[in-house]
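I have placed the structure first, in the form of structure tokens, so that the comments after it can refer back to it.
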Amino acid sequence: MQKPPVPPFTLETAIQKARAAEDAWNSREPEKVSLAYTEDSRWRNRSEFLQGRAEIVAFLQRKWSTELEYRLIKEVWTFAENRIAVRFAYEWHDQFGQWFRSYGNENWQFAASGHMELRVASINDLAIEESERKFHWPQGRRPDDHAGLSDLGL
């Protein structure tokens, strides 16, 4: 079964792939998100190494139990053949109400089916005041007319 768009990527299909990933992550549904990855997908997320959909689901369940009111924006940095590099930022708060903006880069490699087989993410967290937030849409998919990272100066 394919997960379009499939490689080799063009600028248009790389942007579609990044937006589909953003939309899935903004759903905060671990099982749904995991279906974009190969069954044996490998991840490095910060200092954590994962392999396979079951580990991805468990990771995302832990993540979204502590990163509350999570909202994410991804932007394509570059692409070639079966690889896409994105930069991203997401906002969330902890159980004490402290807001954060997390910044990072991801390198993605895709199988011929369009499923991601490798994800390498580097992420840094910055504590922010609630008044500094830039991502204010209702939980779920970012509206099409909401500014992206470059437009927000991020």
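Since we're looking at a predicted model, the values are computed, not measured.
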Donor-acceptor contacts, no H, no angles, side chain residues 147-154, under 3.5 Å, sequence neighbours left out:
from: S150; atom 1: OG; to: E75; atom 2: OE1; distance (Å): 3.1
from: S150; atom 1: OG; to: E75; atom 2: OE2; distance (Å): 2.9
from: S150; atom 1: OG; to: R87; atom 2: NH2; distance (Å): 3.4

>> Determine whether a donor-acceptor pair (N or O, by modelled atom type, separation under 3.5 Å) exists between the side chain of N26 and the backbone of L72.
In response: yes
>> For F88 together with W25, are the ring centres under 6.0 Å from each other?
In response: no
> How about F110 and F9: are their ring centres within less than 6.0 Å of each other?
Replying inline: yes
> In terms of the angle between their ring planes, are Y37 and W43 parallel, tilted or perpendicular, with boundaries placed at 30° and 60°?
Replying inline: perpendicular
> Is there a side-chain contact between F79 and I84 (heavy atoms, below 4.5 Å)?
Replying inline: yes
> Does R101 pair with E91 as a salt bridge, N-O distance under 4.0 Å?
Replying inline: yes
> Quick one: do E22 and R142 make a salt bridge, cutoff under 4.0 Å?
Replying inline: yes
> Is it true that atom CZ of R83 has more than 12 heavy atoms of other residues, nucleotides or ligands lying nearer than 6.0 Å?
Replying inline: no
> Charged N to carboxylate O below 4.0 Å: is that the case for R62 and E48?
Replying inline: yes
>> Let's go through R44 and S122 carefully: what are the C-alpha distance in whole Å and the side-chain angles of both, what is the deciding distance for side chain to side chain contact (heavy atoms under 4.5 Å, CB included) to 0.1 Å, and is it a yes or a no?
In response: CA-CA 8 Å; R44 180 184 61 78; S122 298; 3.1 Å; yes
> Do K32 and D23 sit within salt-bridge range, that is, some charged N less than 4.0 Å from a carboxylate O?
Replying inline: no
> Just by modelled atom types, is the I128 backbone N or O under 3.5 Å from a matching donor or acceptor in the Q98 side chain?
Replying inline: yes
>> Filter on side-chain hydrogen bond (donor to acceptor under 3.5 Å, both in side chains), then keep only pairs touching residues 129-140, sequence neighbours left out; what's left?
In response: R28-Q139
>> Please determine whether side chain to side chain contact (heavy atoms under 4.5 Å, CB included) holds for the pair F100 and E67, giving the CA-CA distance in whole Å, both sets of side-chain angles, and the decisive distance to 0.1 Å.
In response: CA-CA 9 Å; F100 296 87; E67 294 181 359; over 6 Å; no
>> Taking CD in E39 as the centre, count heavy atoms belonging to other residues, nucleotides or ligands within less than 6.0 Å. Is the count above 12?
In response: no
>> What I want to find out is whether R53 reaches E31 closely enough, with some N-O distance under 4.0 Å, to be called a salt bridge.
In response: no
> How far does OG of S34 sit from CD of E55, to the nearest 0.5 angstrom?
Replying inline: 12.5 Å
> Does atom NZ of K3 have more than 12 heavy-atom neighbours from other groups under 6.0 Å away?
Replying inline: no
>> Looking at W99, I want to see if its CH2 is surrounded by more than 12 non-hydrogen atoms of other residues, nucleotides or ligands under 6.0 Å.
In response: yes
>> Is there a side-chain contact between N82 and M116 in this structure, where contact means two heavy atoms from C-beta onward sitting under 4.5 Å apart?
In response: no
> Going by heavy atoms in the side chains, are S41 and I56 under 4.5 Å from each other?
Replying inline: yes
> Do any N or O atoms from the side chain of R71 and from the backbone of E69 form a donor-acceptor pair under 3.5 angstrom?
Replying inline: yes
